[in-house]
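Some notes on the structure that comes next.
Both backbone and side-chain heavy atoms feed into the values below; hydrogens, waters and symmetry mates do not.
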Amino acid sequence: MADKETVAAVKKISERYDAGFITDIEMELAPKGLSEDIIRFISAKKNEPEWLLDWRLKAYKHWQQMPEPRWAKLRLPDLDYQDAYYYAAPKSGNAPKSLDEVDPKLLETYEKLGIPLREQEILAGVAVDAVFDSVSVATTFRENLKEAGVVFCSISEAVHDYPELIKKYLGSVVPMTDNKHACLNAAVFTDGTFVYIPEGVRCPMELSTYFRINEAKTGQFERTLIVAEKGSYVSYLEGCTAPMRDENQLHAAVVELIAMEDAEIKYSTVQNWYPGDEEGKGGIYNFVTKRGICKGDRSKISWTQVETGSAITWKYPSCILKGDGSVGEFYSVAITNHYQQADTGTKMIHLGKNTKSRIIAKGISAGKSDSTYRGLVRISPKAEGARNFTQCDSLLIGEECGAHTVPYIENRNPSAVIEHEATTSRIGDDQLFYCRQRGIGEEEAVALIVNGFCRDVMQHLPMEFAVEAQKLVGISLEGSVG
Amino acid sequence: MLKIENLHATVGGKEVLKGLDLEVPAGEVHAMMGPNGSGKSTLSYVIAGRDGYEITKGRILFDGKDTAEMEPEERAAAGLFLAFQYPVEIPGVTTTNFLKTALNAVRKARGEKELDAVAFLKLQKEKTAALGIDTLMLKRGLNVGFSGGEKKRNEVLQLTMLSPKFAVLDETDSGLDIDALKIVAEGVNSLRGADRGFLVITHYQRLLDYIKPDRVHVLAGGKIVKSGGPELALELEKDGYGVFAEQNGKAA
């Protein structure tokens, strides 16, 4: 018999994932499974031009031939691609003209997640694009941004409103044939965000997208494309949540960044997809391809990610440093607990002269989880004077978790300077006791110590996100000690 | 306030404390002296409730309450503080952040209102100035790269910030030059009062010139072998622990 305490304990556990609720809303779904017809259906739903449908179909053909990537240190299940929905849209949610037309239930959903979409309630200085399952349901502050010349809209709209830009840049950094997951995304992507910053413009506010998977058995395949013209600057952030469900759901996104001469793109992610339960049941498979190109001289791309969710994370935000003197940065915190697995890192491809890259990766493993840093630093023969600094730190909590570091360095230019530092440590009993002696409970002490461990990365997050991310660190490690 | 009765305690299966009795009433400062390996640090950890330090017999009463079932953080919330002999490093966590977390955790456990950032920083500024601590130290990782003296000063800062009912100071004087020692002693003395007690563990009489104890005890071989007034510390300074070495030897 379950006594009161057990019931309370179980209740507490299920409350740990705050974003685990389901929104009850009428949905329009494409028939289950994947086929040319489904792709035609998605394309027709979005009223797409012929060239885009052709592009999708080409990707689909290629995808069928491609092998699953199996090189990561992950226990990967066989995915049944036919047992999922590839299009799910709230019935009322298609292309609302203004927030007044958005279904109140959707607004409520985002409010529950702490993301009010009503502009008067919103955090000052942050514009939001909200993507619910397959479609973008609302984009805020659009008019203000337009005045500055900034385009911030869903990618479906951009296909119609800015076809020449989309045609030029879509798939230009991550080719559709790049890998199996990116290829699937090219075939079935349903929505996402498009950002265009014109020459010399400093984007007046933070831009953000909140991705929400709601429908069961649905995959989310969004695409994000950010183009920063000469001398421009933008800071963009994304957040992700999903309900708690017993089955696994696939999230295969593609993000492409393009920075021209002297432009800077700062891209931050707080990923909190449902990680599965204590037994490792359910959770999101987060298979994401993110890549940016520093096309122009002295351009800069900076990735910051805090990865706390997902059952499996497979993700390597990368920089192609083509312009001379361009800079790539990667700041990462990956936390795994229970049965979560993460294989994440970055690739820094130095092509231009005097290019610089900096990698700070912090992995925290607890429970029975496994976390791997996998990174590549490649210096091409022409990359005279290239520099890289890499630091990978792993923190272990408990006896049954694993942390692995797999750095690849390929240097073809003798003038390059490459530094690599790595450490592995545990939260010490002495540290915990010291905190507890000062009155800080065990779980709070773990959160405090881990946040300290991640500080070098956290300080690169925009202010609005840093506090949220710190709390998330504590929440995702609950139940990891004692 | 703190009452220890026939305390036997083991560390890693080995008995270190072998029937220790001690009572420190509110308003008093007691000094605990003794040779290396006599069990002084073990005593401080047992009082604070550290895992692995097991009471096999006897008990520790704090404010009349048996502490056996209390977690370390519950003891802290009840007003017990331990200044560590070797303060622990916590990289990336600033002293300010650590202190604010600790102070608010304790306040919360006592059902008091948590301090907001403004009120906290005001309090910290006040206490920091009184101890002559460089405010830059507050922004560095806790104890990371601190000199021995800085670490001990930081312990005393935490002590004055948390203003506990009872504090155990474990060799807070070690590694301090005379100026730092005076500052630390002033910090402790400023907290002395009718409703607060101290147990000062030290090797040397020197600290006791600045923190005047009401009673002095000598710990050897896991027991208190002698107790007396402040003059006992002076005797020890003169004669050394030689007379107690035999008892201590039995413990080793």
Side-chain angles (χ1 to χ4, degrees), chain A residues 306 331-333 335 360-364 391-399 421 423-461 463 466-467 469-471 473-474 477 481-482, chain B residues 44-45 47-53 70-110 112 114 139-144 151 154-155 157-159 161-162 164 167-168 170:
Chain A
V306 177
Y331 300 104
S332 170
V333 168
I335 299 178
I360 311 282
K362 306 270 180 180
I364 299 103
Q391 186 182 332
C392 300
D393 297 322
S394 306
L395 186 70
L396 300 166
I397 302 170
E399 304 293 324
E421 289 177 12
T423 65
T424 303
S425 54
R426 267 177 199 288
I427 290 189
D429 288 341
D430 55 344
Q431 288 177 322
L432 279 179
F433 174 63
Y434 191 68
C435 292
R436 294 177 73 190
Q437 205 301 306
R438 297 299 185 251
I440 303 166
E442 208 165 10
E443 295 212 321
E444 200 181 354
V446 168
L448 184 75
I449 294 166
V450 171
N451 269 310
F453 175 75
C454 303
R455 191 175 173 220
D456 297 346
V457 172
M458 293 296 202
Q459 65 191 12
H460 290 281
L461 283 176
M463 275 282 268
V467 178
Q470 276 176 21
K471 278 188 201 144
V473 166
L477 286 170
V481 287
Chain B
S44 71
Y45 286 148
I47 293 172
R50 183 167 190 168
D51 286 344
Y53 289 73
M70 288 166 84
E71 296 290 343
E73 57 269 32
E74 291 171 329
R75 298 180 199 212
L80 183 78
F81 182 92
L82 168 62
F84 283 59
Q85 185 182 359
Y86 302 109
V88 180
E89 296 184 1
I90 306 184
V93 178
T94 61
T95 298
T96 299
N97 186 12
F98 180 76
L99 266 174
K100 183 161 183 273
T101 309
L103 186 60
N104 279 335
V106 166
R107 292 180 72 99
K108 207 171 155 190
R110 289 177 189 160
E112 294 165 9
E114 291 181 39
K139 292 175 187 153
R140 284 156 59 189
L142 185 65
N143 292 320
V144 179
K151 283 184 185 175
N154 193 288
E155 291 294 288
L157 171 65
Q158 294 183 38
L159 169 70
M161 287 289 289
L162 294 168
V168 179
D170 190 1

| message | Just verifying a value: how many Å separate A:L432 CG and B:I90 CD1, rounded to the nearest 0.5 Å? | response | 8.5 Å
| request: Look up atom CZ in B:R50 and atom CG in A:D430, then write down how far apart they are to the nearest 0.5 Å. | output: 6.0 Å
| said: Quick one, A:F433 with B:Y53, criterion ring pair (Phe, Tyr, Trp, His ring centres under 6.0 Å). Give me CA distance, side-chain angles, the key distance, then yes/no. | reply: CA-CA 12 Å; A:F433 174 63; B:Y53 289 73; 7.9 Å; no
| Which pair of non-hydrogen atoms, one from A:I449 and one from B:V93, has the smallest distance, and what is that distance? | CA-CG2, 4.4 Å
| remark: Nearest heavy-atom approach of A:Q431 to B:E89 is NE2-O, 3.0 Å
| query | Should the pair B:E155-A:R438 be classified as a salt bridge under the 4.0 Å nitrogen-to-oxygen rule? | reply | yes
| message | Contact between A:R455 and B:N97 at the side-chain level, heavy atoms closer than 4.5 Å - yes or no? | response | no
| Under 4.5 Å between any side-chain heavy atoms of B:F98 and A:Y434, yes or no? | yes
| Heavy-atom distance under 4.5 Å to chain B: side chain of A:F453, backbone, both or neither? | backbone
| field | Part of A:C435 lying under 4.5 Å from any heavy atom of chain B | value | both
| task | Could you walk me through whether A:Q437 and B:V168 pass the side chain to side chain contact (heavy atoms under 4.5 Å, CB included) test, one step at a time? | result | CA-CA 11 Å; A:Q437 205 301 306; B:V168 179; over 6 Å; no
| task | Under the salt bridge (Lys or Arg N to Asp or Glu O under 4.0 Å) rule, collect the residues that match up with B:E74, sequence neighbours excluded. | result | none
